[in-house]
Amino acid sequence: MIELYILLIISIGAGIVAVEIKDLLASAISLGIVGFSVAIMFILTQAPDLAIVQIVVEVLTVVIFVGVILKTTHIDTTLEDKLNVRDYLTKGIFALFGIFFLLFSILALKELPQFGMPIMKIASHYLVKGFEEIRAANQVAAVILDFRGYDTLGEATVLFTSVIGVLTILRKIGKIK
Amino acid sequence: MLPYLGCIILFLIGIYAILTKRNLIKIAIGFCLLEYSVNLFFAFIGYKKDALAPIYANLSQARNFVDPIPQALVLTAIVIGLGTTALLLSVALRIYEKYKTFDIKEIKRLKE
């Protein structure tokens with residue numbers, strides 16, 4: 001599992017670069033690095049369906065980011081002016097929050113089952129019934145399209161709503177006065 | 001526990017971008033990072049050591065599979081994340097067209 005740790009370190013480093021770099025195009029490309037390392041980590045954790053979807057979504061995300069940045073500006077001007085009291089205050093509040101979040105998450109992660117040993121109480125039922133009742137070779141497809149079909153219907157609704165939202169915000173013709 | 005901690009750190013980077021950055025594109029990037037870290041966390045929770053992807057290659061195969069439920073939930077969440085990012089960036093584009101800046105401080109000042 002050494003590859004997993006290397007990819008996690010790469011994605012954390014690329015995440016920090018994406019947040020801190022001055023050029024927004026470089027920032028979008030660093031976000032792409034994070035997304036594709038996440039896709040490779042999905043393959044390493046035996047989730048090929050997720051890896052396929054993640055690659056498609058990541059390509060679209062980077063294309064949308066680059067499109068918006070090319071239409072506007074690619075320099076982050078907010079990093080040029082000097083830090084004032086308010087910036088230090090927000091950074092300090094974030095540092096406090098981050099320390100507490102990390103401590104509580106370490107406490108909470110101790111209660112989770114060990115990495116590589118899931119409980120799989122419901123999943124064992126799905127894996128037994130999945131093939132006999134649904135006749136699907138891919139168990140993930142059986143879960144999203146049959147056992148939890150309403151969940152996928154909700155997903156389609158959210159996607160449709162977001163497409164309507166984007167089209168409404170970006171339309172050229174406004175209301176005629 | 002170490003892979004889980006990596007996800008938590010990625011999550012904190014995303015929250016840092018949302019809370020302290022003043023550029024709208026950086027805030028959208030923070031949202032993307034949050035989304036990736038949560039998806040990755042779910043994939044890690046379902047991972048089983050020395051198990052196969054939950055796809056039957058032949059019928060007589062032993063059922064030594066990773067957990068399919070977190071994968072199904074994440075599959076939904078990834079696609080919804082794309083919708084959220086597109087909506088955020090279209091709002092950012094409109095704000096830039098009106099105020100000619102991505103700085104949220106300037107946007108606040110220019111309001112009549």
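As the structure is a computational prediction, the values presented were derived from the model and not from experiment. Below, chains carry the letters A, B, ... as their sequence lines are ordered, and counting in each starts from 1. The figures that follow rest on heavy atoms only: side chains count, while hydrogens, waters and symmetry mates do not.
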*Side chain / backbone / both / neither for B:Phe44 at chain A, heavy atoms under 4.5 Å*: both

*Check whether any side-chain heavy atom of B:Tyr4 lies under 4.5 Å from a side-chain heavy atom of A:Ser105, and answer yes or no.*
no

*Beyond-backbone contact of A:Phe42 with B:Leu40, side-chain heavy atoms, under 4.5 angstrom*: yes

*Of the backbone (N, CA, C, O) and the side chain (C-beta and beyond), which part of B:Tyr96 lies under 4.5 Å from a heavy atom of chain A, both, or neither?*
side chain

*Check the side chains of A:Gln139 and B:Tyr56 for a donor-acceptor pair under 3.5 angstrom, ignoring hydrogens and angles.*
no

*asked:* Counting only non-hydrogen atoms closer than 4.5 Å, does A:Phe147 touch chain B with its backbone (N, CA, C, O), its side chain (CB onward), both, or neither?
replied: neither

*Go through the atoms of A:Met117 and report whether side chain, backbone, both or neither lie under 4.5 Å from a heavy atom of chain B.*
backbone

_Determine whether a donor-acceptor pair (N or O, by modelled atom type, separation under 3.5 Å) exists between the side chain of B:Glu97 and the backbone of A:Thr72._
no

*Roughly how far apart are A:Gln46 CD and B:Ile55 CD1, rounded to 0.5 Å?*
9.5 Å

*Taking C-beta and beyond as the side chain, do B:Val66 and A:Met120 meet within less than 4.5 Å on heavy atoms?*
no

*Please flag which part of B:Ile27 lies under 4.5 Å from any non-hydrogen atom of chain A: side chain, backbone, both or neither.*
neither

_Interface moiety of A:Leu112 toward chain B, non-hydrogen atoms closer than 4.5 Å_ = side chain

*Enumerate by number any residue of residues 2-12 of chain A whose heavy atoms lie under 4.5 Å from heavy atoms of chain B; in the absence of such residues, state 'none'.*
A:Leu4, A:Tyr5, A:Leu8, A:Ser11, A:Ile12

*Is chain A contacted by the side chain of B:Ile9, its backbone, both, or neither, given a heavy-atom distance below 4.5 Å?*
side chain

*Hey, does the side chain of B:Lys26 reach the backbone of A:Ile21 with a donor-acceptor pair shorter than 3.5 angstrom?*
yes

*Check each atom of B:Arg94 against the heavy atoms of chain A and say whether the ones under 4.5 Å are side chain, backbone, both or neither.*
side chain

*Is the count of non-hydrogen atoms from other residues, nucleotides or ligands lying under 6.0 Å from A:Phe160 atom CZ greater than 12?*
no

_Under the criterion side chain to side chain contact (heavy atoms under 4.5 Å, CB included), I'd like the reasoning laid out for A:Asp87 against B:Thr20: C-alpha separation, chi angles, the key distance, then a yes or no._
CA-CA 7 Å; A:Asp87 294 327; B:Thr20 63; over 6 Å; no

*Can you check side chain to side chain contact (heavy atoms under 4.5 Å, CB included) on A:Ser27 and B:Ile29, steps first, answer last?*
CA-CA 8 Å; A:Ser27 187; B:Ile29 284 173; 3.0 Å; yes

*Worked verdict on B:Lys49 versus A:Gln114 for side chain to side chain contact (heavy atoms under 4.5 Å, CB included)*: CA-CA 10 Å; B:Lys49 217 171 181 182; A:Gln114 280 285 312; over 6 Å; no

_Under the salt bridge (charged side-chain N to carboxylate O under 4.0 Å, His left out) test, residues paired with A:Lys91 that sit two or more places apart_ = none

*Measure distances from B:Lys48 to the heavy atoms of chain A and classify the residue's part below 4.5 Å as side chain, backbone, both or neither.*
both

*More than 12 heavy atoms of other groups within 6.0 Å of A:Leu170 CG*: yes

*Does any non-hydrogen side-chain atom of A:Val140 lie less than 4.5 Å from one of B:Leu75?*
yes

_Test log, rule side chain to side chain contact (heavy atoms under 4.5 Å, CB included), inputs A:Leu31 and B:Leu33_ = CA-CA 8 Å; A:Leu31 187 72; B:Leu33 287 176; 4.0 Å; yes

_Need one label for A:Thr61: side chain, backbone, both or neither, based on atoms under 4.5 Å from any heavy atom in chain B._
both

*Could you tell me which portion of B:Phe42 (side chain, backbone, both or neither) has an atom closer than 4.5 angstrom to a non-hydrogen atom of chain A?*
neither

*asked:* Need one label for B:Thr85: side chain, backbone, both or neither, based on atoms under 4.5 Å from any heavy atom in chain A.
replied: side chain

_Part of B:Asn39 within contact of chain A (heavy atom distance under 4.5 Å)_ = both

*Please look at A:Val57 and chain B and tell me whether the side chain, the backbone, both or neither of the residue comes under 4.5 angstrom of a heavy atom of that chain.*
both

*Taking the side chain as every heavy atom from C-beta outward, state whether B:Ile13 and A:Val19 have any pair of such atoms under 4.5 Å apart.*
yes

_Show the nearest heavy-atom pair for residues A:Leu127 and B:Phe65, with the distance to one decimal._
CD2-CD1, 3.6 Å

*Which residue, A:Asp76, A:Thr77, A:Thr73, forms the side chain to side chain donor-acceptor pair (under 3.5 Å) with B:Asn23?*
A:Asp76

*Heavy-atom side-chain contact between A:Leu109 and B:Ile8 under 4.5 Å*: yes

*Check each atom of B:Ala77 against the heavy atoms of chain A and say whether the ones under 4.5 Å are side chain, backbone, both or neither.*
neither

*Side chain, backbone, both or neither: which part of A:Leu159 has a heavy atom under 4.5 Å from chain B?*
side chain

